[in-house]
Q: 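One structure coming up, written as structure tokens, with questions to follow.
Hydrogens, waters and symmetry mates play no part in the numbers below; they use all other heavy atoms, side chains included. All chains are named by letter (A, B, ...) in the order of the sequence lines, taking the proteins before the strands, and each is independently numbered beginning at 1. None of these values were measured; they are calculated from a predicted model.
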There are 2 protein chains.
Amino acid sequence: MVLSERKKKILAAVVDEYVRTAEPVGSKAIAQTAGLGCSSATIRNELAELVSLGYLEQPHTSAGRVPTPMGYRMYVNELMQKQKLSLEETEDINRRMNQKLRELDDTIDNVSRLASQLTDYPALALTTRSAVTIKRFDIIYVDANTFILVVMLSDNTVKNKLVHLPVSVDKRLVQRLSALFNSGFTGITDEQITPLLINATERAADDTMGITSVIAAFAIEVLSAAETPTAFVSGENRLLSQPEFRDPDKAHRLMGYLSGGGNLLPPDQTPADAGEIRVLIGPENVAEELKDSSVVIATYDAGDNTKGMIGVVGPTRMDYSTVAAKLSILAAGLSRRLGRGEAPPEGLHNKLIIKGDSNE
Amino acid sequence: MVLSERKKKILAAVVDEYVRTAEPVGSKAIAQTAGLGCSSATIRNELAELVSLGYLEQPHTSAGRVPTPMGYRMYVNELMQKQKLSLEETEDINRRMNQKLRELDDTIDNVSRLASQLTDYPALALTTRSAVTIKRFDIIYVDANTFILVVMLSDNTVKNKLVHLPVSVDKRLVQRLSALFNSGFTGITDEQITPLLINATERAADDTMGITSVIAAFAIEVLSAAETPTAFVSGENRLLSQPEFRDPDKAHRLMGYLSGGGNLLPPDQTPADAGEIRVLIGPENVAEELKDSSVVIATYDAGDNTKGMIGVVGPTRMDYSTVAAKLSILAAGLSRRLGRGEAPPEGLHNKLIIKGDSNE
DNA sequence: TATTAGCACTCGAAGAAAGAGAGTGCCAAC
DNA sequence: GTTGGCACTCTCTTTCTTCGAGTGCTAATA
């Protein structure tokens with residue numbers, strides 16, 4: 001059954017109002033705010049129908065109406081006006097993004113922090129699982145007992161590790177190993193790094209001290225870490241400002257779940273296309289702990305076919321349109337800068353300024 | 001005035017009991033638990049004196065007693081029995097430390113997570129401010145537009161950054177720059193990296209494209225980031241399981257403060273010696289938000305004269321002895337492994353096992 | 001002099017009762 | 001189909017009462 005225009009308007013009004021006030025919405029309030037020229041009695045009739053259709057519900061017989069998950073779903077899919085953020089707001093987001101992400105690393109924890117700040121909900125940033133391979137493998141010789149492993153992955157992230165060894169290592173061995181690893185270990189996944197391969201490399205390098213194993217272990221570690229989807233959560237505490245989490249136990253449960261960082265988001269779903277916003281409302285979530293919360297997820301392009309995701313968690317009574325709009329901009333910005341694996345022009349510029357003021 | 005033995009015992013009993021139950025402690029309860037052979041009436045007299053001495057207080061006239069900050073202080077300084085953790089517990093901590101910190105990075109966020117898990121309070125790990133210099137500077141040439149900067153600092157941490165440039169760079173220029181940076185930028189602090197120095201390097205390398213600036217900017221960034229004391233907080237949500245934070249507003253305030261990650265701990269105090277445990281009780285804290293919470297801080301030796309700190313935050317009604325004992329072990333473990341900047345033997349071993357099972 | 005038993009008293013927590021108010025459902029009129 | 005009117009329902013808030021743990025004090029005891 002398709003909803004009449006008026007029902008849609010009323011439903012939208014209920015959602016808007018409820019999101020704003022967190023109080024069940026009465027017929028009178030709607031009659032006043034939503035500018036349809038009819039009385040509260042008419043609205044009451046409509047509301048009753050919306051209830052029986054499953055879009056709304058009543059906490060108790062003589063209370064206002066509250067959207068059901070199905071109601072929110074309808075709202076998100078059809079009713080909510082794609083919020084246009086004002087120019088200032090957009091600017092602000094971009095500015096903060098530049099500022100925040102210029103510092104050292106645009107690592108996912110920074111991204112999640114930013115998302116949380118912007119939306120004022122807890123946010124989480126996730127890496128997506130995908131086959132990662134090693135693109136480059138370098139070993140920097142520091143001294144006879146020390147070297148630095150530097151691995152560049154196919155997703156353009158670089159990892160390093162400082163290794164101390166109890167035994168001395170010849171500089172040439174290190175170089176040989178470096179070359180061997182670069183030829184043998186690039187372009188393959190962690191599963192392909194078999195003991196056999198390590199043994200072969202070891203023999204080829206004449207490595208009698210097992211350094212190869214240490215390095216290979218690092219390679220495996222990096223690869224599997226990169227493939228394990230990890231989530232960074234920040235701003236858990238913002239949950240507490242939501243009235244639905246005034247109950248400390250409830251808040252604690254969800255926050256604990258979030259900090260656990262487990263597989264929070266639909267693990268089976270393939271990541272959406274970059275730019276796409278996905279909304280999971282209440283029971284649509286797989287995790288039991290999220291069953292009465294909502295999640296908004298934006299996907300961005302992290303370059304080299306990998307996708308990143310930023311999600312925001314809140315009560316089902318969530319300001320979907322604003323959150324979606326903000327995440328959209330954030331995701332777009334991230335795609336822009338990560339997609340090509342380079343810092344944004346401004347970032348570079350700001351740094352370069354130091355060239356100028358040499359008289360100091 | 002010095003407390004009589006019995007008063008001490010009673011005070012200790014009050015603290016212990018209150019820590020356990022979070023309820024004001026009555027005279028009868030003490031008469032039963034603390035095995036001093038006297039009746040509740042006697043205890044009442046003693047309690048009344050302890051109140052007038054300032055060690056205890058009453059929430060209201062006809063309630064049990066609760067320790068004041070001064071009472072806790074006395075407890076921590078003199079009464080609390082230095083808790084000996086059982087062998088199993090110690091083992092457990094060490095095992096978890098090995099497990100947790102073996103993964104890729106023993107970074108401070110992992111340390112703080114671990115501390116929080118162990119104590120079941122929110123924990124924060126801090127780096128201490130100290131003059132950091134660059135120990136090594138390497139540039140890995142990836143392709144004409146891409147290279148990886150690898151910087152090893154005096155505190156034995158290694159940072160890297162992938163740099164894309166819009167212009168092509170000659171491989172030899174990169175090598176020359178690498179050499180120049182290694183000679184010019186090692187052993188100096190970020191303040192010593194003046195525009196003059198950059199300019200000189202630039203000219204020496206014949207760098208007309210300003211790559212030097214980009215690299216120098218990274219150097220400065222890394223150095224100043226390393227010198228900025230940062231705090232990593234985890235387990236904020238554990239606050240919520242404490243009855244004193246059942247009020248969401250109160251919890252929110254403190255959690256917000258913690259997540260802010262600001263200068264949480266006595267900024268003026270010089271870090272204690274490694275192994276030392278410091279306890280700040282309620283109003284002893286400088287930060288307004290911590291005035292009715294307590295903080296336990298352990299200092300560990302992070303190698304190369306730098307100290308690290310792990311702190312735990314909780315209500316003043318905190319299990320000081322257990323927390324102190326656990327942090328102690330944690331700090332000792334960290335000193336052991338970070339002090340010499342190497343992975344613990346077990347960690348290495350476990351990795352090396354993969355050598356063995358090549359028949360798979 | 002220190003300890004103890006006894007007892008009246010205090011004060012908060014928990015429960016019960018009452019009142020207020022927002023909002024509904026339904027009916028009859030338009 | 002819409003509207004005003006009205007009785008009804010149910011929660012929230014406030015007020016009052018009760019209950020009980022724990023105290024402080026006094027007088028008796030070792």
Q: Go through DNA chain C in 5' to 3' direction and return only the first and the last nucleotide with some atom under 4.0 Å of chain B's heavy atoms.
A: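 Endpoints of the contacted stretch of DNA chain C: dT3(C) to dG12(C).
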Q: Please enumerate all residues that pass side chain to side chain contact (heavy atoms under 4.5 Å, CB included) together with Glu78(A), with sequence neighbours excluded.
A: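 Glu78(A) satisfies side chain to side chain contact (heavy atoms under 4.5 Å, CB included) with Lys8(A), Met74(A) once adjacent residues are dropped.
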Q: Restricting to salt bridge (charged side-chain N to carboxylate O under 4.0 Å, His left out), what partner residues turn up for Arg246(A), sequence neighbours left out?
A: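 Arg246(A) satisfies salt bridge (charged side-chain N to carboxylate O under 4.0 Å, His left out) with Asp249(B) only.
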Q: Determine whether a donor-acceptor pair (one donor, one acceptor, N or O, separation below 3.5 Å) exists between the side chain of Arg44(A) and the base of dG4(D).
A: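 Counting by modelled atom types and ignoring angles, no donor-acceptor contact under 3.5 Å is found here.
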Q: Going by heavy atoms closer than 4.0 Å, what residues in residues 8-23 of chain A are next to DNA chain C?
A: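 Close to the strand, none.
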Q: Ser39(B): what forms a side chain to side chain contact (heavy atoms under 4.5 Å, CB included) with it, not counting sequence neighbours?
A: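 Applying side chain to side chain contact (heavy atoms under 4.5 Å, CB included) to Ser39(B) gives Ala41(B), Thr42(B).
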Q: Salt bridge (Lys or Arg N to Asp or Glu O under 4.0 Å): which pairs involve residues 320-330 of chain B, sequence neighbours left out?
A: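 Checked against salt bridge (Lys or Arg N to Asp or Glu O under 4.0 Å) - neighbours excluded - no pair reaches residues 320-330 of chain B.
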Q: State which residues pass side chain to side chain contact (heavy atoms under 4.5 Å, CB included) with Ala31(B); sequence neighbours excluded, sorted by chain then number.
A: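 Partners of Ala31(B) under the side chain to side chain contact (heavy atoms under 4.5 Å, CB included) test: Ser40(B), Ile43(B).
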Q: Tell me which residues in residues 57-70 of chain B put a heavy atom below 4.0 Å from DNA chain D, sorted by number, or none.
A: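 Of all residues in residues 57-70 of chain B, the ones placing a heavy atom under 4.0 Å from DNA chain D are Gln58(B), Thr61(B), Ser62(B), Ala63(B), Gly64(B), Arg65(B).
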Q: So, using salt bridge (charged side-chain N to carboxylate O under 4.0 Å, His left out) as the criterion, who are the partners of Arg238(A) when residues are at least two apart?
A: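 Only Asp120(A) meet the salt bridge (charged side-chain N to carboxylate O under 4.0 Å, His left out) criterion with Arg238(A).
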Q: Decide whether Tyr121(A) and Asp319(A) meet the rule of one side-chain donor and one side-chain acceptor closer than 3.5 Å.
A: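 Side chains of Tyr121(A) and Asp319(A): no pair found under 3.5 Å.
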Q: Please name all residues satisfying salt bridge (charged side-chain N to carboxylate O under 4.0 Å, His left out) with Glu91(B), sequence neighbours left out, ordered by chain then number.
A: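 Glu91(B) satisfies salt bridge (charged side-chain N to carboxylate O under 4.0 Å, His left out) with no other residue.
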Q: Run the salt bridge (charged side-chain N to carboxylate O under 4.0 Å, His left out) test against Lys250(A) and tell me which residues pass, sequence neighbours left out.
A: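 In terms of salt bridge (charged side-chain N to carboxylate O under 4.0 Å, His left out), with neighbours along the sequence ignored, Lys250(A) is linked to Asp292(A).
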Q: Any pair with a residue in residues 19-48 of chain B that passes salt bridge (Lys or Arg N to Asp or Glu O under 4.0 Å), sequence neighbours left out, goes on the list, sorted by first then second residue, please.
A: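 Listed once each, the pairs are Arg6(B)-Glu46(B), Lys7(B)-Glu46(B), Glu17(B)-Arg20(B).
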